[in-house]
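We name chains A, B, ... by the order of the sequence lines, and we start the count at 1 in each one. In this text the structure is predicted, and so the values were computed from the model without any measurement.
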Amino acid sequence: MPELPEVETIMRSLAPNLVEKIIEKVIIRETRLRWPVDLNLPSYLEGQTVQQISRRSKYLLVSTLNGHLLIHLGMSGNLRILPQNTPVKKHDHVDIHLSSQQILRYHDTRRFGCILWTTQAPDQHVLLRELGQEPLTPELTGDYWYQRARSRKLAVKNYIMDNHIVVGIGNIYANEALFLAGIHPNRAAQQLTLADYQRLLICVRRVLNTAIAMGGTTLRDFTDGTGKEGYFKNELQIYGREGEKCTQCGKIIKHMQIGQRSSYYCPHCQAE
DNA sequence: AAAAGGACCTGGTGGC
DNA sequence: TGCCACCAGGTCCTTT
């Protein structure tokens, strides 16, 4: 479900409902997520006040004075702020009861997500410390992306989805950004010029920022923390549009598998 | 070191 | 209606 814009959207919608609230109770119904949920979570969290919620890559960090909850939504995870008496549905794995009489509920059909507790600085955590740069911060430059691509023969689409280099770009937005930049997704990463990477970075930022402004992309079931859908689906130029006409040139959009992921491109606007 | 493929899960869809 | 193959917004791990 969530790429960077969706996680950012959820974070923003949760912030006013979480920050400065006291965690009164934690209920774990299912521990079998990507990594087991620590059954001591209630003892770590109950009585604590949420200081802030932030995002690193596609992880959400819920911080108290004692430590941080690292939450990843995997492919199908979601977080919702709900009234306390909301009936439990299948795959509602964890509830965090708040002093506001609301609950923060973690739901994840496929259980690829995780909820972990750490008392380390989040950046030092094993899951975060090897992560690459945030795409929306000014520290990232097209030159960095270009330099790291030297001697990389993999498809540029896989390269820009590599979290060790730049985080947050998943399958949908990789497709969209490459289309905007006019770059064929299957070109070797090392083949692109510095100017290509500079242009690509601008396109990545434009796509991500626009998607955030529209509340993310709801393909089937994504919503923010309050249940609102995202409207960037209406703006998708290339993802999922195999057989349709390119919005730029009218040629028929093609589809191919790259690294086992669905890839879409315009054979005219994104020449090999 | 880099690339490719499998693994982890459930559910929806479309074909027969 | 049922069964089956295939697909899905992520990312870690093993093998080549």
Side-chain angles (χ1 to χ4, degrees), chain A residues 1-11 29-37 55-60 70-79 89-93 106-116 125-132 135 147-178 185-191 204 207-208 211-212 214-224 229-236 238-243 255-264:
Chain A
M1 174 197 302
E3 301 183 38
L4 186 149
E6 288 72 40
V7 178
E8 180 73 18
T9 297
I10 288 178
M11 184 196 76
R29 296 188 195 83
E30 174 62 79
T31 60
R32 296 172 303 162
L33 302 187
R34 173 99 199 225
W35 290 284
V37 180
R55 178 189 62 73
R56 169 73 173 114
S57 184
K58 296 170 189 166
Y59 289 88
L60 286 167
L70 304 188
I71 303 174
H72 198 291
L73 301 170
M75 289 279 257
S76 56
N78 202 5
L79 284 165
K89 292 193 293 220
K90 202 174 180 181
H91 309 302
D92 286 343
H93 303 315
Y106 180 86
H107 177 99
D108 187 357
T109 307
R110 294 174 73 182
R111 292 191 270 117
F112 288 170
C114 65
I115 301 181
L116 298 170
H125 191 275
V126 63
L127 290 176
L128 302 192
R129 67 183 180 210
E130 306 293 336
L131 291 174
Q147 295 301 340
R148 293 292 302 264
R150 298 308 85 208
S151 80
R152 300 297 303 271
K153 298 182 199 307
L154 80 172
V156 62
K157 174 159 172 281
N158 290 340
Y159 175 69
I160 68 172
M161 291 172 69
D162 183 346
N163 284 330
H164 297 100
I165 314 282
V166 173
V167 302
I169 305 167
N171 199 39
I172 293 179
Y173 299 112
N175 276 290
E176 293 297 312
L178 288 165
N186 206 29
R187 285 183 64 194
Q190 65 176 3
Q191 218 182 39
V204 163
V207 166
L208 296 181
I212 291 167
M214 303 193 72
T217 299
T218 299
L219 288 185
R220 49 183 325 117
D221 53 8
F222 168 76
T223 66
D224 75 4
E229 296 189 353
Y231 294 99
F232 193 74
K233 183 181 181 183
N234 303 324
E235 307 297 317
L236 294 176
I238 200 86
Y239 181 85
R241 294 189 172 278
E242 179 184 12
H255 172 268
M256 70 187 294
Q257 292 291 124
I258 300 176
Q260 300 151 297
R261 309 301 297 274
S262 260
S263 306
Y264 304 86

Show me the donor-acceptor pairs within less than 3.5 Å that the side chains of residues 160-169 of chain A make with the rest of the protein, sequence neighbours left out.
residue, atom, partner, partner atom, Å
Asp162(A), OD1, His164(A), N, 2.8
Asp162(A), OD1, His164(A), ND1, 3.1

For residues 151-158 of chain A, run the donor-acceptor check on the side chains, cut-off 3.5 Å, and write out each pair with its distance to 0.1 Å, sequence neighbours left out.
residue, atom, partner, partner atom, Å
Lys157(A), NZ, Asn171(A), OD1, 2.7
Lys157(A), NZ, Ser263(A), OG, 3.0

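Here the NE2 atom belonging to His107(A) is positioned 10.0 Å from the NZ atom belonging to Lys90(A), to the nearest 0.5 angstrom. A distance of 4.0 Å separates OH in Tyr59(A) from CG in Leu127(A), rounded to the nearest 0.5 Å. Note: Arg56(A) CZ to Arg129(A) CZ = 13.5 Å, rounded to the nearest 0.5 Å. Distance CG/Leu60(A) to CG/Leu73(A): 6.0 Å, rounded to 0.5 Å.
Between the CD atom of Glu242(A) and the P atom of dA8(C) there is a distance of 11 Å, given to the nearest Å. Going from atom CD1 of Ile258(A) over to atom P of dC7(C) covers 15 Å, rounded to whole Å. In this structure, Glu130(A) places its CD atom 18 Å from C1' of dG10(C), rounding to the nearest Å. Note: NE2 (His125(A)) to P (dT11(C)) measures 15 Å, nearest angstrom. One atom, CG of Leu236(A), and another, P of dG9(C), lie 12 Å apart when rounded to the nearest Å. Protein atom CG of Leu33(A) is 15 Å distant from nucleotide atom P of dT11(C), rounded to whole Å. The CG atom of Leu208(A) sits 16 Å away from the P atom of dG9(C) (whole-angstrom rounding).
Classification of the Tyr239(A)-Tyr264(A) ring pair by plane angle, with boundaries at 30° and 60°, yields perpendicular.
Nucleic acid contact class of Tyr239(A) (heavy atoms, under 4.0 Å, all strands): sugar-phosphate only. Residue Lys233(A) is out of contact with every strand shown, counting any heavy-atom pair closer than 4.0 Å. Using a 4.0 Å heavy-atom distance criterion, Ser262(A) is classed as a sugar-phosphate-only contact. Contacts of Arg32(A) with the nucleic acid, taken as non-hydrogen atoms under 4.0 Å apart, are absent. Among the atoms of the strands shown, none is found under 4.0 Å from any heavy atom of Asp162(A).
No donor-acceptor distance shorter than 3.5 angstrom exists from the side chain of Arg111(A) to the backbone of Arg34(A), with no hydrogens or angles considered. In this structure, Glu3(A) contributes its side chain and Ile172(A) its backbone to a donor-acceptor pair below 3.5 Å. Looking only at distances, no side-chain donor or acceptor of Ser76(A) sits under 3.5 Å from a matching main-chain atom of Asp108(A).
Between Phe232(A) and Tyr173(A), a ring centre-to-centre spacing shorter than 6.0 Å is recorded.
Taking every heavy atom of residues 165-178 of chain A and every atom of DNA chain C, pairs under 4.0 Å involve Gly170(A), Asn171(A), Ile172(A), by number.
Under the side chain to side chain contact (heavy atoms under 4.5 Å, CB included) rule, Asn78(A) has a single partner from Asp221(A), Ile10(A), Asp92(A), which is Ile10(A).
Considering only side-chain N and O atoms, Arg261(A) lies under 4.0 angstrom from the phosphate OP1 or OP2 of dG10(C).
Of the two residues contacting DNA chain B, namely Arg110(A) and Leu154(A), the nearest-nucleotide position lying further toward the 5' end is that of Leu154(A). Heavy-atom distances to DNA chain B give each of Arg150(A) and Thr109(A) a nearest nucleotide, and the one nearer the 5′ end belongs to Arg150(A). Annotation: of the two residues near DNA chain C, His72(A) and His255(A), the 5′-most nearest-nucleotide partner is His255(A).
For DNA chain B, the outermost nucleotides in 5' to 3' order that have an atom under 4.0 Å from a heavy atom of chain A are dA2(B) to dG12(B).
Phe112(A) qualifies as a stacking partner of the dG10(C) base, centre to centre under 5.5 Å and near-parallel within 30°.
Using P as the reference atom, dG11(B) and dC12(C) are 24 Å apart when rounded to the nearest Å.
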(message) Go through it in stages, so that I can follow the logic: the residues are Glu30(A) and Tyr106(A), the test is side chain to side chain donor-acceptor pair (under 3.5 Å), and I'd like the CA-CA distance, side-chain angles, deciding distance and then a yes or no.
(response) CA-CA 10 Å; Glu30(A) 174 62 79; Tyr106(A) 180 86; over 6 Å; no
(request) Run the numbers on His125(A) and Leu70(A) for side-chain contact (heavy atoms from CB on, under 4.5 Å), then give the verdict. (result) CA-CA 9 Å; His125(A) 191 275; Leu70(A) 304 188; 3.6 Å; yes
(request) List the steps and the verdict of side-chain contact (heavy atoms from CB on, under 4.5 Å) for Leu219(A) and Leu236(A). (result) CA-CA 11 Å; Leu219(A) 288 185; Leu236(A) 294 176; 4.3 Å; yes
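Both key distances under 3.5 Å define a Watson-Crick or G-U pair, and stretches of 3 or more such consecutive pairs in DNA chain C run B:2-8 with C:10-16, B:10-16 with C:2-8.
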For nucleotides 12-16 of chain C, print each protein N/O atom paired with a nucleotide N/O atom at under 3.5 Å, atom names and distance only.
residue, atom, partner, partner atom, Å
dC12(C), O4', Arg34(A), NH2, 2.5

